Amino acid sequence: MGFITTVTGDVPTEEIGAVLMHEHIFCDFHRITNDLNQILDDPDLVTAELGHLEATPVRTVVEMTSVGLGRDLKGLREIAMRTGLNIVAGCGWYREPFLPREVFETTSDGLAEILVSEINEGAQDGRVRPGIIGEIGAKRVPMTPAEERVLRAGGFAQLETGVSIYTHASRSTVGIEQARILIGIGVPPGRIVIGHADTVPRNRREYWAELLDMGVTLGFDTLKPDPPYEVGVRITGLRWLAERGSLDQVVVSNDICYRSQLRSFGGGGYPYCVTGFIDLLREAGFGDREVRTIFWDTPTRILQRP
């Protein structure tokens, strides 16, 4: 019997239910953007929003807020206790311009030591142990030196701990560079998720195919109920993956990070990708086996501790 590491301790894999692999519960883009919509900092609000998952099969939420983006591990533990959800915390650093000073003053080896200590012993913020490395970001191609330093640190920490690593590669093919670097230092491809692969604006199948051929997993993790065009991109992409025989190399999530995405503010909320979006998948021919692969089996493989 395997287990995953959550903010309240280790949980047997048989108890994790369906998984949202990329979400934010506490998150602060506002300090850079000055947009008050881009901050999640209200425990009561997010507790109520996560409560909507009670009517769904989701029992585990992976919280991908990195250092410098408003990570609050003690807050996550409190939310987990209030909701009864399994919450898996991330660790690492996001991307420029959100990187804190320590990234520019520390080597990749030094940063990796911080990650290994958090994963094995718990972070200084409440001694909570992260269960995944990420999200580790890059703004565009090419990565900046600091972004590459953080990525390599995540890779070194993965080699030391066996924990999977999840990247941020939004609207860019930088995921190929991320995958090559990680694989080049020895990270097993099956332990790598290239995030936001669903957002690449052109030559999508070529991008996805190159990553899939490397053996990594794609994050189709920015699901929203509108606009219809974007929803269609995800449905068509998942159908292509199924036809290719690669459906076990994708995870699906919402990436809730703005207040406007919450149900209280008119958005689809945390349940969208396992309610409305699954309904659309079924209309497109997906059955229980395919849904289980996406939301149960592949997340379990990625999160299970070695």
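Numbering starts at 1 and runs along the sequence shown. From a predicted model like this one, the values you see are computed outputs, not experimental measurements.
- Using a 4.5 Å heavy-atom threshold, the side chains of P271 and V58 count as separate.
- For the pair S253 and C273, the tightest heavy-atom approach, listed with the atom from each and the gap, is CA-SG, 3.9 Å.
- The distance from the CD1 atom of I165 to the SG atom of C91 is 8.5 Å, given to the nearest 0.5 Å.
- Under the rule for a side-chain hydrogen bond (donor to acceptor under 3.5 Å, both in side chains), the partners of E96 that lie at least two apart in sequence or sit in another chain are T144.
- Residues in residues 256-281 take part in these side-chain hydrogen bond (donor to acceptor under 3.5 Å, both in side chains) pairs, two or more places apart or across chains: N37-S260, E49-S264.
- Annotation: side chain of F295 is not in contact with side chain of P57 (no heavy-atom distance under 4.5 Å).
- Looking only at distances, a side-chain donor or acceptor of R59 sits under 3.5 Å from a matching main-chain atom of T56.
- At a threshold of 4.5 Å between side-chain heavy atoms, the hydrophobic network of Ile, Leu, Val, Met, Phe, Trp and Tyr places M81 and I79 in two separate groups.
- With hydrogens and angles disregarded, a donor-acceptor distance shorter than 3.5 Å links the side chain of E23 to the backbone of I256.
- The two residues Q249 and L212 have their closest heavy-atom pair at NE2-O, 3.2 Å.
- Between F104 and L99, some side-chain heavy-atom pair lies under the 4.5 Å cut-off.
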**Study point:** Verdict with reasoning, V291 to W296, per side chain to side chain contact (heavy atoms under 4.5 Å, CB included)
**Key:** CA-CA 8 Å; V291 169; W296 275 264; 4.2 Å; yes
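- Within the structure, side-chain hydrogen bond (donor to acceptor under 3.5 Å, both in side chains) contacts touching residues 171-186 (residues at least two apart or in different chains) are T167-Q178, R180-E210.
- By the salt bridge (charged side-chain N to carboxylate O under 4.0 Å, His left out) test, R140 is found to be paired with no residue, residues two or more places apart in sequence or in another chain being considered.
- With T65 contributing its side chain and F26 its backbone, the two residues share a donor-acceptor pair below 3.5 Å.
- A donor-acceptor pair under 3.5 Å is absent between the side-chain atoms of D221 and the main chain of D255, judged by distance alone.
- A salt bridge links R152 with E148: the distance from a Lys NZ or Arg NE/NH1/NH2 to an Asp or Glu carboxylate oxygen falls below 4.0 Å.
- Put simply, CG on D10 and CZ on R129 are 5.0 Å apart, with the number rounded to the nearest 0.5 Å.
- A 4.5 Å side-chain heavy-atom check between L280 and F286 finds every atom pair outside the cut-off.
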Check your understanding: Passes side chain to side chain contact (heavy atoms under 4.5 Å, CB included), V250 versus W208? Steps please.
Key -> CA-CA 10 Å; V250 66; W208 298 337; over 6 Å; no
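- With hydrogens and angles disregarded, no donor-acceptor distance shorter than 3.5 Å links the side chain of S164 to the backbone of L303.
- Under a 3.5 Å cut-off, the side chain of W93 and the backbone N or O of G68 do not form any donor-acceptor pair.
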Enumerate donor-acceptor pairs with a distance under 3.5 Å from any side-chain N or O in residues 116-124 to protein atoms, sequence neighbours excluded.
from, atom 1, to, atom 2, distance (Å)
E118, OE1, R71, NH1, 3.1
E118, OE1, R71, NH2, 3.4
E118, OE2, R71, NH2, 3.0

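- Pairs engaging residues 224-236 under the side-chain hydrogen bond (donor to acceptor under 3.5 Å, both in side chains) rule: D198-R234, R204-Y229, T222-R234, E230-R234 [sequence neighbours left out].
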Review point. Can L218 and Y207 be said to form a side chain to side chain contact (heavy atoms under 4.5 Å, CB included), step by step?
Key: CA-CA 10 Å; L218 307 181; Y207 176 62; over 6 Å; no
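- Side-chain atoms of L151 and L182, non-hydrogen and from C-beta on, do get closer than 4.5 Å to each other.
- Judged as a ring-ring contact (aromatic ring centres under 6.0 Å, His included), the pairs with a partner in residues 118-170 (not counting sequence neighbours) are, in order, H22-Y166, Y94-H168, H168-H196.
- Both L262 and L223 are part of a single hydrophobic cluster, where members link through side-chain heavy atoms under 4.5 Å apart.
- A heavy-atom distance below 4.5 Å is not found between the side chains of R289 and R292.
- D288 meets the side-chain hydrogen bond (donor to acceptor under 3.5 Å, both in side chains) test with R282; sequence neighbours excluded.
- With hydrogens and angles disregarded, no donor-acceptor distance shorter than 3.5 Å links the side chain of R305 to the backbone of G131.
- Rounded to the nearest 0.5 angstrom, L69 CG and C27 SG are separated by 4.0 Å.
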For residues 237-247, which side-chain N or O atoms pair as donor and acceptor with protein atoms under 3.5 Å away, sequence neighbours left out?
from, atom 1, to, atom 2, distance (Å)
R244, NH1, S246, OG, 2.9
R244, NH2, D213, OD1, 2.7

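- Rounded to the nearest 0.5 angstrom, M21 CE and I132 CD1 are separated by 4.0 Å.
- Hydrophobic clustering, with ILVMFWY side chains joined whenever heavy atoms are under 4.5 angstrom apart, keeps I39 apart from V46.
- Residue pairs meeting the side-chain hydrogen bond (donor to acceptor under 3.5 Å, both in side chains) criterion with at least one member in residues 39-48, sequence neighbours excluded: D44-R82.
- Residues passing the salt bridge (charged side-chain N to carboxylate O under 4.0 Å, His left out) test with R205: none are found, sequence neighbours excluded.
- Of all heavy-atom pairs between S108 and A153, the closest is O-CB, 3.4 Å.
- A pairwise comparison of heavy atoms in I133 and G154 identifies CD1-O, 3.6 Å as the closest pair.
- In terms of modelled atom types and a separation under 3.5 Å, the side chain of Q304 and the main chain of F3 share no donor-acceptor contact.
- In this structure, M143 is not a member of the same hydrophobic cluster as F98, with clusters built from ILVMFWY side-chain heavy atoms closer than 4.5 Å.
- Cluster membership for I176 and V174, using ILVMFWY side-chain heavy atoms within less than 4.5 angstrom, is shared.
- Remark: side-chain polar atoms of E147 are not paired, donor with acceptor, to backbone N or O of A138 under 3.5 angstrom.
- Across V61 and L85, no two heavy atoms sit closer than the pair CG2-CD1, 4.3 Å.
- T293 places a side-chain heavy atom less than 4.5 Å from the side chain of T298.
- When all heavy atoms are compared, the tightest approach of L111 to T106 is N-CG2, 3.6 Å.
- Evaluation of the ring-ring contact (aromatic ring centres under 6.0 Å, His included) test over residues 117-155, restricted to residues two or more places apart or in two chains, returns none.
- For the pair V88/V19, no side-chain contact is recorded, criterion being any heavy-atom separation below 4.5 Å from C-beta on.
- Side-chain atoms of T60 and N86 include a donor-acceptor pair closer than 3.5 Å.
- Note that CZ of R191 and CZ of R301 are 8.5 Å apart. Values are rounded to the nearest 0.5 Å.
- Put simply, OG1 on T217 and CD1 on I302 are 4.0 Å apart, with the number rounded to the nearest 0.5 Å.
- Without hydrogens or angle criteria, T5 side chain to P130 main chain gives no donor-acceptor distance under 3.5 Å.
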